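Shown next, in structure tokens, is the structure this report addresses.
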Amino acid sequence: MSTDPYPKLTAAEHAQVGWYVARMAKRCVAGEHVDRSDLERKVERILDGARKRADKSK
């Protein structure tokens, strides 16, 4: 598996990651003790899928 931290994303993946990052920012504004781990896991899952797709295409 590739160790590239930022694999090439599709347009849909860019939109999803952007949405999740915006929701994480909104939660940060709500307070420092608000849990964002669910959104961080979703972003990681998208990045892992992109890495697997990049490895498969090689």
Side-chain angles (χ1 to χ4, degrees):
M1 223 161 123
S2 176
T3 59
D4 184 18
Y6 301 107
K8 193 146 178 87
L9 300 175
T10 64
E13 289 168 339
H14 272 288
Q16 286 178 329
V17 169
W19 177 256
Y20 293 141
V21 169
R23 287 181 61 196
M24 280 189 262
K26 187 176 178 182
R27 288 186 186 181
C28 286
V29 169
E32 67 181 58
H33 299 295
V34 179
D35 185 34
R36 321 181 295 270
S37 63
D38 60 328
L39 297 173
E40 291 170 352
R41 280 193 309 266
K42 289 179 183 184
V43 170
E44 280 302 315
R45 189 172 48 218
I46 292 170
L47 293 176
D48 287 342
R51 285 185 197 108
K52 286 180 184 177
R53 186 180 62 250
D55 286 344
K56 189 183 251 189
S57 68
K58 287 184 180 179

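Along the sequence shown, residues are numbered consecutively beginning with 1. Everything numeric in this text was worked out from a predicted model, so none of it was measured. Note that these values count all heavy atoms, side chains included, but never hydrogens, waters or copies made by symmetry.
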Exercise for review: Determine whether Val21 and Met24 make a side-chain contact, defined as any pair of heavy atoms from C-beta on separated by less than 4.5 Å.
Suggested key: yes
Exercise for review: Check for a donor-acceptor pair, side chain of Arg53 on one end and backbone N or O of Lys8 on the other, with a separation under 3.5 Å.
Suggested key: yes
Exercise for review: Using a strict cut-off of less than 4.0 Å between a Lys/Arg side-chain nitrogen and an Asp/Glu carboxylate oxygen, indicate whether Arg51 and Asp48 qualify as a salt bridge.
Suggested key: yes
Review point. Do the non-hydrogen side-chain atoms of Arg27 and Asp38 ever get within less than 4.5 Å of each other?
Key: yes
Check your understanding: Taking the side chain as C-beta and beyond, is there a heavy-atom pair between Glu44 and Leu47 under 4.5 Å?
Key -> yes
Point to revise | Joint hydrophobic cluster, Leu39 plus Val34, side-chain heavy atoms closer than 4.5 Å | key: no
